[in-house]
Amino acid sequence: MTKIGKDLALAKQLLQSGQLVAIPTETVYGLAANGLNPEAVARIFEAKNRPSFNPLILHVADTAHARALTSNFPPKAQLLADTFWPGPLTIVLPRHASVPDIVTGGLETVALRVPAHSLTLELLRSLPFPLAAPSANPSGYISPTQPLHVAEQLNDKVAYILDGGASSVGVESTIVMVKDDEVYLLRQGGISEETLMAVVGHIAHAPDAHNQPLAPGMLLNHYAPGKRVLLGNLSLLYGQHYHERVGVLAFKEPLPEVPLAQQRILSPKGDLAEAAANVFAYLRELDKLDIDLIIAEPVPHNGIGRAVNDRLQRASEK
Ligand code: TXA
Ligand code: MG
């Protein structure tokens with residue numbers, strides 16, 4: 001199995017020679033490569049089996065480095081960066097000419113983020129280039145929130161896994177695009193809409209155009225485990241599927257009819273941040289059980305709960 005450890009010098013050396021290293025962030029683990037080296041970035045797409053039109057986020061150590069990768073950094077972007085970086089917010093801005101096409105999928109914009117993880121920030125500060133990094137999972141599967149998740153799924157496709165413990169936020173970054181003076185929400189994530197709104201006033205929702213979504217990760221059927229997932233009222237779903245072996249992903253309370261070993265409770269105390277931190281790991285655990293399907297219930301639809309519901313919806317059957 002791929003080596004897992006905290007060796008920053010090794011991670012740095014591998015990245016400098018164009019190899020792939022899994023990096024911890026507060027949201028999920030990323031599969032990182034030198035973001036200015038098209039060949040290294042191509043290895044990410046290969047390892048993940050990711051469609052090449054789906055652009056990547058560039059991770060940088062601070063706002064100054066982010067600015068250098070854009071051709072325009074408007075005041076609203078500065079405000080967002082000052083307020084939320086380092087943190088789970090990705091800002092899409094007009095790209096600088098130095099950003100390779102393979103990173104942006106040919107778009108005229110680039111996605112940028114300063115992650116809030118001390119080990120990865122130290123790595124970024126030591127490197128003369130940004131790190132292109134999507135979530136470190138095979139395309140379409142559940143995102144990894146622990147080093148072992150990465151090892152299980154990407155194994156020898158990644159040269160080294162930098163161990164930064166379990167991701168504290170647990171769902172991916174919120175993605176916004178800043179265009180002129182308007183902020184568009186492209187993906188729900190670790191920073192809630194309410195929190196964004198309190199800072200920038202108005203948020204516009206991007207049209208979810210079919211097949212050409214503004215954030216191509218918004219394609220449906222993302223984050224799906226191998227097993228069928230049905231989302232809805234747990235009692236009703238159980239009533240329809242009691243004759244099958246059912247796994248349960250509940251928000252606060254288990255379903256009395258199902259053995260506890262086949263259930264995962266996102267947050268017994270009803271805390272949405274805790275639910276977000278657990279959702280991907282629990283989906284993975286349920287996926288490994290000897291069951292026929294997973295039934296899941298939505299969490300309260302506010303704050304980071306919106307991002308959790310978004311991921312559950314994408315994991316489930318339509
Ligand atoms: O929390 C996160 O954002 C994690 C960690 C590793 O930073 N990364 C992550 O990357 O979730 P990924 O590749 O799984 O999702 C990035 C999303 C994709 O949906 C992609 O389409 C979108 O960002 N994206 C990237 N560049 C874009 C651009 N220029 N315009 C619009 N969307 C963009
Ligand atoms: Mg992803």
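Both ligands and their constituent atoms are indexed starting at 1 by order of listing.
Looking at Val99, Leu131, Asn54, Ile23 and measuring to atom 20 (C) of ligand 1, the nearest heavy atom belongs to Asn54. For atom 22 (C) of ligand 1, the nearest non-hydrogen atom from the set Ile175, Val176, Leu186 belongs to Ile175.
The number of heavy atoms from other shown groups lying within 6.0 Å of NZ (Lys227) is above 12.
Numbered from 1 in the order shown, with element, the atoms of ligand 1 that lie under 4.0 Å from a heavy atom of Leu107 read 28 (C), 29 (N), 30 (N). The ligand atoms of ligand 1 that sit less than 4.0 angstrom from a heavy atom of Ser173 are 1 (O), 2 (C), 3 (O). Near Ser135, meaning under 4.0 Å from any of its heavy atoms, are these atoms of ligand 1: 8 (N), 9 (C), 10 (O), 12 (P), 14 (O). Within ligand 1, counting atoms from 1 as listed, the ones closer than 4.0 Å to a heavy atom of Glu172 are 1 (O), 2 (C), 11 (O). When each atom of ligand 1 is checked for a heavy atom of Ile57 under 4.0 Å away, the hits are 3 (O), 8 (N), 9 (C), 10 (O), 16 (C).
Residues satisfying the side chain to side chain contact (heavy atoms under 4.5 Å, CB included) test with Pro259, not counting sequence neighbours, are Gln262. For Glu253, the salt bridge (charged side-chain N to carboxylate O under 4.0 Å, His left out) test picks out no residue, with sequence neighbours left out.
The part of Arg50 lying near ligand 1 is the side chain, judged by heavy-atom distances below 4.0 Å.
Heavy atoms of His59 approach ligand 1 to within less than 4.0 angstrom.
We find the OH-CG distance between Tyr29 and Asn137 to be 14.0 Å, quoted to the nearest 0.5 Å.
Looking at every heavy atom in both residues, Ala40 comes nearest to Leu20 through O-CD2, 3.8 Å.
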